[in-house]
Amino acid sequence: MTAVAPAPASLTSVFVRLKLSLLRNGLRQSAGRTAAYISSIVITAVFAAAMLLSFVLMRGNADTDSIVVLLTAVLALSWTVMPLFVPGGDETLDPSRLVMLPLRPRPLVRALLVASLVGVGPMFTLCIALGACLALAHGAAGVAASVLAVPLVVVVCVALSRAVAAANVRLLTSRKGRDLAILSGLMIAVGMQVVNFGAQRLSQAGGLSSLEPAAAVASWLPPSSAIAAVDSASRGDHAVAAAQLLLTVVVLGALLYWWQRSLVQLMTTPDGSTIGAASETGRDRAGTGLLGRLLPGGRTGTVMERSLRYVWRDPKTKGAWISSLAVGAIVPMFNALQGTGSIYFACFASGMLGIQMYNQFGQDTSAFWMVAQTISTTADAYAELRARALALLLITLPFTVLVTTATAAVLGDWSSYPDALGLALALLGAMLATGAVTSAVFPYSIPQDSAYKNVAPGQGGLAWMSIFAGMIAGALLCGPVIGATIYLNVTEQESLLWILLPGGALYGALLAWAGLKIAAPRTAQRLPEILAAVSK
């Protein structure tokens with residue numbers, strides 16, 4: 001008898017198992033990562049449940065359709081841009097790793113799409129889509145439209161995200177290209193603020209009912225059109241509902257086709273992203289020599305120069321810095337220009353820039369082993385962290401003063417300038433302190449071989465928990481300065497507000513010094529664990 005060869009495994013099932021294996025193996029690295037990932041799942045589940053309950057409670061409200069449609073549009077926008085700029089992603093979604101494999105485009109798109117549906121993000125999107133349909137569905141027609149709308153919303157969001165990412169993978173994996181991508185991130189930050197202030201104006205103009213014009217436009221933009229179809233079917237406009245669902249299906253097909261074409265181009269076109277690298281070396285070396293002469297000597301100057309070179313040359317580090325600088329200036333200035341802001345919004349700049357102190361060793365990636373060779377004592381660790389903090393202060397300190405001064409000038413509120421600047425400087429010092437500690441306690445890697453990921457698989461929850469926990473701790477550490485500011489303003493002791501400027505600056509410096517002192521012994525003791533985490 002002739003042996004029957006087993007049927008080959010489906011490509012889709014292979015990719016799903018691959019993604020599950022990557023997640024499982026990432027969580028096995030340490031108990032801390034597992035706890036952080038589980039915590040992120042729990043937090044997301046609680047938030048999704050709260051949103052689902054809110055949608056149910058909104059059922060029957062006159063403005064429910066406008067709110068739900070616009071929220072779906074915001075969710076789709078987030079899926080489009082957030083995966084490119086926030087921690088996340090996995091190896092199964094990076095097509096550049098599949099170039100040498102004999103895979104046909106259509107089965108590959110199907111396999112990648114199904115693998116992309118496995119994760120916390122798609123499950124959260126599913127809950128939002130389900131809640132939106134529960135809020136709008138009435139009658140048999142509404143329920144029938146919901147059965148089609150819910151999966152369409154989830155699949156369109158995921159397909160949109162992956163199609164955009166695949167189309168920009170060459171841009172994001174080249175140094176010059178990622179410099180251009182930074183500009184797109186800046187435009188997104190500005191656009192989000194424009195939308196935010198536009199929503200404020202709409203709200204001031206006439207409450208939730210003023211959102212109807214925007215919702216009417218979004219109801220014909222997939223995937224919001226699928227949710228709008230549920231409302232149309234519930235109201236008896238079956239033809240409109242069918243047209244909106246059909247539009248969503250057509251756009252989904254177009255996205256999948258665009259994704260497939262991008263994969264074909266990616267896998268058949270050579271990558272010339274490194275052309276011209278040699279010609280840049282001389283210019284970089286000259287600039288580094290000038291910078292080295294301006295910095296102090298010894299280890300402090302060397303570490304500061306290395307950190308500043310990361311800011312200028314590493315695309316991911318540069319992108320994070322430019323985004324923080326842009327958002328840190330946009331939020332207080334836009335609010336001031338709108339006449340609804342406060343000078344204390346300048347603290348937003350301190351918070352955004354202070355985040356750059358977090359995960360200091362992760363930006364070194366696998367090269368951190370060379371830094372680790374120079375750290376053998378607590379004093380070495382303290383010198384390393386102090387120099388990195390000083391490099392950040394070269395940018396963050398003058399920028400914080402500039403933003404606070406500009407905000408005060410636009411608002412004409414110079415009486416609150418001393419305490420606002422003191423509070424901003426205290427917050428900056430607190431962020432440097434908590435950033436130093438979290439860098440030692442919660443390090444994570446920043447992969448350089450993929451444009452899709454800012455965190456290795458299994459470390460996303462750890463990254464988010466590190467950032468949010470550090471930010472909360474930083475805000476709590478500023479409690480004395482915040483309390484003093486509130487007290488002097490409530491009691492109208494304006495003549496004493498100037499004390500908060502030197503007091504806040506001194507308090508911030510003490511917090512930064514204490515944070516470095518606390519982080520130094522932990523860095524020296526946990527050096528092997530840090531090296532293993534950031535080199536993954």
Side-chain angles (χ1 to χ4, degrees), residues 44-80 113-114 116-117 119-161 195 199 202-203 205-256:
T44 303
V46 171
F47 184 68
M51 291 292 294
L52 191 61
L53 179 60
S54 300
F55 282 133
V56 173
L57 295 177
M58 288 167 53
R59 184 179 175 86
N61 188 283
D63 299 314
T64 298
D65 55 341
S66 299
I67 298 174
V68 167
V69 168
L70 289 176
L71 282 177
T72 306
V74 172
L75 181 65
L77 178 63
S78 300
W79 268 100
T80 304
L113 179 61
V114 175
S116 301
L117 294 173
V120 178
M123 290 303 297
F124 175 77
T125 305
L126 177 63
C127 292
I128 298 298
L130 180 60
C133 290
L134 288 175
L136 296 177
H138 297 278
V143 174
S146 299
V147 173
L148 297 175
V150 171
L152 276 176
V153 169
V154 178
V155 175
V156 168
C157 286
V158 174
L160 178 61
S161 172
V195 171
L202 286 173
S203 178
L208 295 176
S209 60
S210 61
L211 298 176
E212 291 182 2
V217 175
S219 64
W220 292 97
L221 299 175
S224 299
S225 56
I227 299 299
V230 177
D231 182 56
S232 299
S234 299
R235 291 186 284 102
D237 296 334
H238 299 152
V240 174
Q244 290 170 326
L245 287 174
L246 180 61
L247 175 63
T248 308
V249 173
V250 171
V251 170
L252 175 60
L255 288 173
L256 294 177

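Scope of the values below: all heavy atoms of this structure, side chains included, with no hydrogens, waters or symmetry mates.
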Nearest heavy-atom contact between Val150 and Ala129 is CG2-O, 4.0 Å
I'd like to know if the side chain of Arg59 and the backbone of Ala137 have a donor-acceptor N/O pair within less than 3.5 Å.
yes
So, does Ser161 use its side chain to make a donor-acceptor pair with the main chain of Val158 at under 3.5 Å?
no
About how many Å separate CG of Leu152 and CD of Gln244, when rounded to the nearest 0.5 Å?
12.5 Å
Nearest heavy-atom neighbours spanning Trp220 and Pro222:
O-CD, 3.7 Å
Give me the one residue out of Val154, Val74, Val156, Thr125 that meets side-chain contact (heavy atoms from CB on, under 4.5 Å) with Trp79.
Thr125
How close do Leu136 and Asp65 get, counting heavy atoms only, and between which atoms?
CD2-CA, 3.6 Å
Keeping Ser232 on the side-chain end and Ala241 on the backbone end, is there a donor-acceptor pair under 3.5 Å?
no
Per the side-chain contact (heavy atoms from CB on, under 4.5 Å) rule, which among Thr80, Val251, Leu252 passes with Leu160?
Thr80
Whether the side chain of Ser146 engages the backbone of Gly142 through a donor-acceptor N/O pair (distance < 3.5 Å, no angle test) should be reported.
yes
What I'd like to find out is whether the side chain of Phe47 reaches to under 4.5 Å of the side chain of Ile128, using heavy atoms alone.
no
Point-to-point distance, once rounded to the nearest 0.5 Å, from CE of Met58 to CG of Leu71
7.0 Å
Around atom CE of Met51, are there more than 12 heavy atoms from other residues, nucleotides or ligands closer than 6.0 Å?
yes
If you define the side chain from C-beta out and look only at heavy atoms, does anything of Phe55 sit under 4.5 Å from Leu134?
no
Once rounded to the nearest 0.5 Å, what's the spacing between atom OG1 of Thr248 and atom CD1 of Ile227?
9.0 Å
Starting at CG of Leu52, measure out to CG of Leu57 and round the result to the nearest 0.5 Å.
10.0 Å
Distance (rounded to the nearest 0.5 Å) between Leu53 CG and Cys127 SG
12.5 Å
Using modelled atom types and a 3.5 Å cut-off, is there a donor and acceptor pairing between side-chain atoms of Ser66 and backbone atoms of Ala215?
no
Nearest heavy-atom pair of Val147 and Pro151: which atoms, and what distance?
O-CD, 3.1 Å
State, to 0.1 Å, how close Leu70 and Ala218 come at their nearest heavy-atom pair, and which atoms those are.
CD2-CB, 4.0 Å
Nearest heavy-atom neighbours spanning Ser224 and Ala73
OG-N, 3.1 Å
